[in-house]
J.: 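Supplied in structure tokens, the structure appears directly below.
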Amino acid sequence: MKSFVESFLELIYPEKNICCVCGVYDEIIGEKYICVDCYAKIKKVTPPCCVKCSKPMDLGLNVDICKDCAGEEKHFETSKSPFEYDGLIKKCIYDFKYYNKPYFYRFFGSSLISYMNENNYNSFDFILSVPLHRSKMIKRGYNQSELLAKYIAGKSNIPYVNALKRTKKTSKQSSKSKSERQKNLKNAFKVKQSSQKIKNSSVLLVDDVYTTGSTADECSKVLLNFGVEKVFVITIAR
Ligand SMILES: [Zn+2]
Ligand SMILES: [Zn+2]
């Protein structure tokens, strides 16, 4: 069932065939929600990239895993993202998170669905999202990752489970170093006891951005401890 916020978003979403970035009208936009010109400005993650975290790598290197991932074991199987966290997409994600443009979730969601289908990254039992702390949820009114996860679930017929909760109010990650991020996130997540059905399953965890991988890793750790068999990750950008 759609929440009040989601029903409200349906109402404020710009008309069909209008680019959510520049507002131009074009009949070919349809369910892509973005025009050809704006889409061309977005940097895509292209191979070769790290098999674990999808970090772009230099051509000609005879390794398939990046230094970050080689130096430290991560609890998820792999993390994938269609876009590089830069330029236009960075601005769009910022607007999505902080400037009350939650309706961007349809553009991001449809980009993620296309990416998942093109890359055969779609065999999962459940879809989960990185949770916000209750106080942040109240302030913002929506959880951007949950909107995305539910959009993907709706289009892929993989059930969404609201399995994780954030038990610790963490301070902003973006200005922190990797070790500070990890410390900040320690014991920040829990799996809800009501989510027994995800035990022994393979899940896709949805988040907006992959930076150092600390959030994805911490969530994956608690999911594995709970009994989930495998965690895969997808974010809009990295
Ligand atoms: Zn446009
Ligand atoms: Zn890597």
Side-chain angles (χ1 to χ4, degrees), residues 45 49-55 64-81 85 93 97 112 116 119 121-137 143-150 152-153 158-238:
V45 172
C49 46
C50 171
V51 291
K52 189 84 183 176
C53 75
S54 300
K55 182 177 186 162
D64 57 4
I65 196 155
C66 76
K67 274 187 194 153
D68 300 346
C69 294
E72 169 187 48
E73 214 194 317
K74 297 200 167 74
H75 293 83
F76 51 82
E77 301 295 313
T78 183
S79 176
K80 290 186 182 288
S81 322
Y85 189 53
I93 292 173
K97 275 174 94 159
L112 290 177
M116 285 165 66
N119 291 279
Y121 195 56
N122 44 18
S123 306
F124 312 107
D125 300 314
F126 299 104
I127 295 184
L128 275 50
S129 55
V130 171
L132 284 184
H133 191 262
R134 219 178 87 85
S135 59
K136 231 183 199 171
M137 183 79 182
N143 172 358
Q144 71 281 1
S145 303
E146 185 181 336
L147 286 176
L148 278 179
K150 284 184 172 171
I152 296 170
I158 303 170
Y160 171 75
V161 184
N162 186 4
L164 286 164
K165 65 178 170 187
R166 204 180 274 246
T167 49
K168 200 168 101 181
K169 209 175 152 185
T170 48
S171 47
K172 218 174 168 191
Q173 290 279 88
S174 47
S175 56
K176 291 187 165 58
S177 72
K178 191 170 179 184
S179 62
E180 283 173 333
R181 281 171 194 247
Q182 284 169 332
K183 211 172 139 196
N184 191 30
L185 286 170
K186 206 169 164 34
N187 302 319
F189 302 102
K190 260 202 177 116
V191 184
K192 294 180 186 171
Q193 280 307 316
S194 56
S195 310
Q196 296 296 325
K197 63 181 169 192
I198 63 169
K199 280 187 175 166
N200 304 311
S201 72
S202 151
V203 304
L204 178 69
L205 179 69
V206 180
D207 202 4
D208 48 8
V209 183
Y210 183 103
T211 314
T212 60
S214 304
T215 306
D217 189 50
E218 192 59 35
C219 288
S220 302
K221 196 163 89 186
V222 299
L223 287 165
L224 295 185
N225 283 339
F226 185 76
V228 169
E229 200 187 334
K230 282 178 177 169
V231 182
F232 295 83
V233 180
I234 196 159
T235 68
I236 307 163
R238 64 141 298 126

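A quick note: this is a predicted structure, and the numbers were derived from the prediction, not measured. Sequence positions, counted from 1, serve as the residue numbers for this chain.
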J.: Between the main-chain N or O of Val51 and the side-chain N or O of Thr78, is there a donor-acceptor pair closer than 3.5 Å?
T.: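 Yes, the answer is positive, given that a donor and an acceptor are paired below the 3.5 Å cut-off.
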J.: Is the closest side-chain heavy-atom distance between Val191 and Ile198 below 4.5 Å?
T.: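 A side-chain contact exists here, since the closest heavy-atom pair is under 4.5 Å.
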J.: With Leu148 as reference, evaluate Ile234, Ile127, Val206 under the side chain to side chain contact (heavy atoms under 4.5 Å, CB included) test and give the passing residue.
T.: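 Single pass found, and it is Val206.
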J.: Within the side chain of Asn143, is there an N or O that forms a donor-acceptor pair under 3.5 Å with the backbone of Val130?
T.: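 Judged by distance alone, yes, a pair lies under 3.5 Å.
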J.: Has the side chain of Thr167 got a donor or acceptor atom that lies under 3.5 Å from a matching backbone atom of Ala188?
T.: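 Here the side-chain-to-backbone pair exists.
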J.: Using 4.0 Å as the upper bound for N to carboxylate O, is an ion pair formed by Lys221 and Glu218?
T.: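 A salt bridge is present here (some side-chain N lies under 4.0 Å from a carboxylate O).
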J.: Side chain to side chain contact (heavy atoms under 4.5 Å, CB included) between Leu132 and Gln144: does it pass, once the steps are laid out?
T.: CA-CA 9 Å; Leu132 284 184; Gln144 71 281 1; 4.3 Å; yes
J.: Please report the interatomic distance OG1(Thr212) to NZ(Lys74), rounded to the nearest 0.5 Å.
T.: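 Those atoms lie 8.0 Å apart.
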J.: Would you say that more than 12 heavy atoms from the other residues, nucleotides or ligands in this model lie under 6.0 Å from the NZ of Lys52, or not?
T.: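 Yes, NZ of Lys52 has more than 12 neighbouring heavy atoms, counting only those of other groups under 6.0 Å.
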J.: From Phe76 CZ over to Glu73 CD, what is the distance, rounded to the nearest 0.5 angstrom?
T.: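 Here the rounded value is 11.0 Å.
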J.: Tell me whether Ser54 contacts the main-chain N or O of Ser79 through its side chain, where contact means a donor paired with an acceptor under 3.5 Å.
T.: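 Yes; at least one donor-acceptor contact below 3.5 Å.
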J.: Begin with the C-alpha distance, continue with both residues' side-chain angles, and end with the deciding distance and a verdict on side chain to side chain contact (heavy atoms under 4.5 Å, CB included) for Tyr121 and Leu204.
T.: CA-CA 9 Å; Tyr121 195 56; Leu204 178 69; 3.9 Å; yes
J.: Please indicate whether Lys168 has more than 12 foreign heavy atoms, meaning atoms of other residues, nucleotides or ligands, lying under 6.0 Å from its NZ.
T.: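 For Lys168, atom NZ is crowded (more than 12 foreign heavy atoms under 6.0 Å).
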J.: Using 30° and 60° as the class limits, which term best fits the ring planes of Phe232 and Phe124: parallel, tilted or perpendicular?
T.: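 Taking Phe124 first and then Phe232, their aromatic rings sit tilted (interplane angle of 30° to 60°).
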J.: Yes or no on side chain to side chain contact (heavy atoms under 4.5 Å, CB included) for Leu164 and Cys219, after CA distance, side-chain angles and deciding distance?
T.: CA-CA 8 Å; Leu164 286 164; Cys219 288; 4.1 Å; yes
J.: Given side chain to side chain contact (heavy atoms under 4.5 Å, CB included), test Arg166 with Leu185 step by step and report yes or no.
T.: CA-CA 10 Å; Arg166 204 180 274 246; Leu185 286 170; 4.1 Å; yes
J.: Ignoring hydrogens and angles, tell me if any N or O in the side chain of Ser129 forms a donor-acceptor pair with the backbone of Pro131 under 3.5 Å.
T.: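 Not at all, since once roles are kept as given, no pair shorter than 3.5 Å links the two residues.
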J.: Can you find a heavy atom in the side chain of Val161 that is under 4.5 Å from one in the side chain of Val203?
T.: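 The answer is no; the side chains never approach within 4.5 Å.
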J.: State the SG-CZ distance between Cys49 and Arg238, to the nearest 0.5 angstrom.
T.: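 Taking SG in Cys49 and CZ in Arg238, the distance rounds to 8.5 Å.
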J.: Just checking, is any N or O donor in the side chain of Thr211 or Tyr85 under 3.5 Å from an acceptor N or O on the other one?
T.: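 Not at all, the side chains of Thr211 and Tyr85 share no donor-acceptor pair under 3.5 Å.
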J.: Examine distances only and state if a side-chain atom of Asp125 and a backbone atom of Ser202 form a donor-acceptor pair shorter than 3.5 Å.
T.: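 Looks like yes, one N/O pair under 3.5 Å.
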J.: Hey, could you give me the NZ/SG distance between Lys80 and Cys53, rounded to the nearest 0.5 Å?
T.: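 Answer for the NZ-SG pair, Lys80 versus Cys53, is 10.5 Å.
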J.: For the OG1 atom of Thr215 and the CD atom of Gln182, what is their distance to the nearest 0.5 Å?
T.: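 Between Thr215 OG1 and Gln182 CD, I get 10.0 Å after rounding to 0.5 Å.
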J.: Quick one: does Glu146's side chain get under 4.5 Å of Met137's, heavy atoms only?
T.: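 Of all side-chain heavy-atom pairs linking Met137 with Glu146, at least one is under 4.5 Å.
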J.: Once salt bridge (charged side-chain N to carboxylate O under 4.0 Å, His left out) is applied, what residue pairs with a partner in residues 190-212 remain, sequence neighbours excluded?
T.: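 For residues 190-212, and leaving out neighbouring residues, the salt bridge (charged side-chain N to carboxylate O under 4.0 Å, His left out) pairs sorted by first residue read Lys97-Asp208.
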J.: Could you tell me the separation between the NZ atom of Lys165 and the OG atom of Ser195, rounded to the nearest 0.5 Å?
T.: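 Between atom NZ of Lys165 and atom OG of Ser195 there are 9.5 Å.
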